There are 2 protein chains.
Amino acid sequence: MSPTIKVLLAEDQSMVREALAALLGLEDDIEVVAQVARGDEVLTAAREHAVDVALLDIEMPGCTGIEAAAQVHKALPAVKLVVLTTFGRPGYLRSAMEAGADAFLVKDAPAAQLAQAVRKVLAGERVIDPTLAAAALAEGANPLTDREREVLRAAADGSTNAELAAALHLSQGTVRNYLSTAIQKLAVRNRAEAVRIAREKGWL
Amino acid sequence: MSPTIKVLLAEDQSMVREALAALLGLEDDIEVVAQVARGDEVLTAAREHAVDVALLDIEMPGCTGIEAAAQVHKALPAVKLVVLTTFGRPGYLRSAMEAGADAFLVKDAPAAQLAQAVRKVLAGERVIDPTLAAAALAEGANPLTDREREVLRAAADGSTNAELAAALHLSQGTVRNYLSTAIQKLAVRNRAEAVRIAREKGWL
DNA sequence: GTCGTCGTATGACATCTGTCATCCGCCACT
DNA sequence: AGTGGCGGATGACAGATGTCATACGACGAC
């Protein structure tokens, strides 16, 4: 038997993080050698502990698990990357894959899949929920341009056009134009729905 | 030593649920005798397994952990209730307490507090984060009336006034009135902000 | 028995939002 | 050299949204 697999666990909610560590701790061949609660601590921790696999939640302070994945993939290409998320958003899957992730798991999958995924990525396999993969392919790429996305993201908290214009250094008319095109591309009828749909798809 | 404490675990994300079970399983005096993924399965499971403590997540399909807590509290008053949530929203704490909860934990608290809380509630203690308790008291009660809350909740997905009116069997004018008063009570400038603030406070 | 609050409704008004046509400069591609 | 997309802008217009005054019946508190 090979030496134990060294795993880094990145997840901001301590209780969940430590519970996942307990879960992985039950496996003989897996050892959680590092835990971090922020996206921007992933890279240094991965390097310091010479981990084999990094298990990354997406929603984290500092930076997202996807951004962290990209950093690790670039700096430590040998480290396998498992992205773990609450939301099975097709857009997330797409970005995770583009960031170099080897596995994409949703938190409502059975717990047993976690350890399995760790072993599989180490064996060179990729682990992706086929349903989600299909959904990601079916819905196509994010149709929003960079600016449209930025404006929509900024509008998500209920800011008015005037506030958005000031915050983004744009004219009010331009803000309205971007929101208007975003609304049309997403086939909805107002900015609130646009925000909701873009969020659901992981396009925000 | 008394017999092991029988715990029911209610949490919709399997991976998190099973991980928490693994965590509690490490404690000698605690046994997870039942797991459910839906709020509306809590009561029957609690009854069937004669549990001592029910550990309830708030965000669940079926019904919320808070509603489930109220049901259990009424039907099985001897069962101790621990509410566990991702969001430390003061309004949640308030409702949980009103529903008869004995402990209120946020998921970003250290994992060790979970088992401790289970033991404490069984000993008759109440477990509440003091910071959160202070916040809940400081911000006062939910200022929204039942109808205002319903309309705001329905408006959260970006529905237009016409759709809201149809869905709630109200006139469009009435919908606007409710949203307008809600907007004023929350001291914000439009429905989107009102939704955001009400959510943050746990008033939705 | 009156007062305040809630739920519901209307009408008028001002402002905000969404749409559309049109324009400019820039850059990439052919 | 021309085409097309993107970022940015303006102006006009229609419709949605937010505000306010006002009204009425129900109900609970005092």
Side-chain angles (χ1 to χ4, degrees), chain A residues 91 94-95 98 139-204, chain B residues 91 94-95 98 139-204:
Chain A
R94 184 180 290 266
S95 335
E98 283 167 8
E139 95 177 1
N142 187 338
L144 304 174
T145 68
D146 285 358
R147 272 322 231 175
E148 284 159 5
R149 212 173 335 108
E150 280 177 50
V151 175
L152 198 53
R153 204 183 304 133
D157 67 355
S159 301
T160 65
N161 283 337
E163 289 166 338
L164 294 174
L168 300 167
H169 309 294
L170 291 174
S171 81
Q172 280 195 44
T174 305
V175 169
R176 285 193 296 175
N177 287 339
Y178 285 148
L179 287 174
S180 181
T181 58
I183 287 166
Q184 287 172 72
K185 284 180 179 177
L186 299 175
V188 294
R189 278 189 317 306
N190 56 51
R191 61 183 70 192
E193 263 188 315
V195 167
R196 187 169 59 84
I197 298 297
R199 274 231 183 86
E200 273 173 24
K201 306 231 180 190
W203 287 343
L204 240 186
Chain B
R94 184 180 291 265
S95 336
E98 283 167 8
E139 96 177 2
N142 187 339
L144 304 175
T145 69
D146 285 357
R147 270 325 231 173
E148 283 159 5
R149 211 170 339 106
E150 281 176 50
V151 175
L152 198 53
R153 203 182 307 132
D157 67 355
S159 301
T160 66
N161 284 335
E163 289 165 339
L164 294 174
L168 300 167
H169 309 294
L170 290 173
S171 82
Q172 278 196 47
T174 304
V175 168
R176 283 192 297 170
N177 287 152
Y178 286 150
L179 287 174
S180 182
T181 58
I183 286 166
Q184 287 172 73
K185 284 179 179 176
L186 299 175
V188 294
R189 279 188 317 303
N190 56 52
R191 61 184 69 192
E193 262 188 315
V195 167
R196 186 170 60 85
I197 297 296
R199 274 232 183 88
E200 273 173 22
K201 305 232 182 191
W203 287 342
L204 239 186

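Order of the sequence lines sets the chain letters (A, B, ...), proteins ahead of strands, with each chain counted from 1. This one's a predicted model, so the numbers in the text were calculated from it and none came from an experiment.
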Closest contact, heavy atoms only, [X] versus [Y]:
| X | Y | answer |
| --- | --- | --- |
| Ala162(B) | Gln172(B) | CB-NE2, 3.7 Å |
| Ala154(A) | Ser159(A) | O-OG, 3.7 Å |
| Val151(A) | Leu164(A) | O-CD2, 4.4 Å |

Q | Pair Leu152(A)-Glu148(A), side chain to side chain contact (heavy atoms under 4.5 Å, CB included): steps then yes or no | A | CA-CA 6 Å; Leu152(A) 198 53; Glu148(A) 284 159 5; over 6 Å; no
Does [X] place a side-chain N or O at less than 4.0 Å from the phosphate oxygens OP1/OP2 of [N]?
| X | N | answer |
| --- | --- | --- |
| Thr174(B) | dG7(C) | no |
| Arg176(A) | dC16(C) | no |
| Tyr178(B) | dT8(C) | yes |
| Arg147(B) | dC6(C) | no |
| Ser180(A) | dC20(C) | no |

Q.
Under a 3.5 Å distance rule, please check whether Asn142(A) uses its side chain to pair with a backbone N or O of Trp203(A) as donor and acceptor.
A.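 Yes.
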Q: Keeping the roles fixed (side chain from Glu193(B), backbone from Arg189(B)), state whether a donor-acceptor pair exists under 3.5 Å.
A: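 Here the side-chain-to-backbone pair exists.
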Q.
From CD1 of Ile183(B) over to P of dC16(C), roughly how many Å is that when rounded to an integer?
A.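 Computing the Ile183(B):CD1 to dC16(C):P distance gives 13 Å.
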Q: Just report the end-to-end axis angle for the helix from dG1(C)-dC30(D) to dT30(C)-dA1(D), five pairs per end, to 10 degrees.
A: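 If I round to tens, the end axes sit 40° apart.
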(Q) Between Pro143(B) and Ala192(A), which residue's closest nucleotide on DNA chain C lies nearer the 5′ terminus? (A)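 With Ala192(A) and Pro143(B) compared, the 5'-side residue is Pro143(B).
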(Q) Give the residues of residues 152-173 of chain B touching DNA chain D, defined as any heavy atom closer than 4.0 Å, sorted by residue number. (A)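 Thr160(B), Asn161(B), in order of number.
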**Q.** Rounded distance (nearest 0.5 Å) linking atom CG of Asn161(A) with atom CZ of Arg176(A)
**A.**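 Going from CG on Asn161(A) over to CZ on Arg176(A), the span is 6.5 Å.
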Q: Working to the nearest 0.5 Å, report the span between OG1 of Thr181(A) and CG of Leu144(A).
A: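 Those atoms lie 8.0 Å apart.
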Q. Under 3.5 Å, is there a donor-acceptor pair linking the side chains of Arg147(A) and Asn177(A)?
A.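 Result is no, nothing qualifies.
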Q. So does Asn177(A) reach the base of dC20(C) with its side chain, donor to acceptor, closer than 3.5 Å?
A.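 Answer is yes: a donor-acceptor pair is held.
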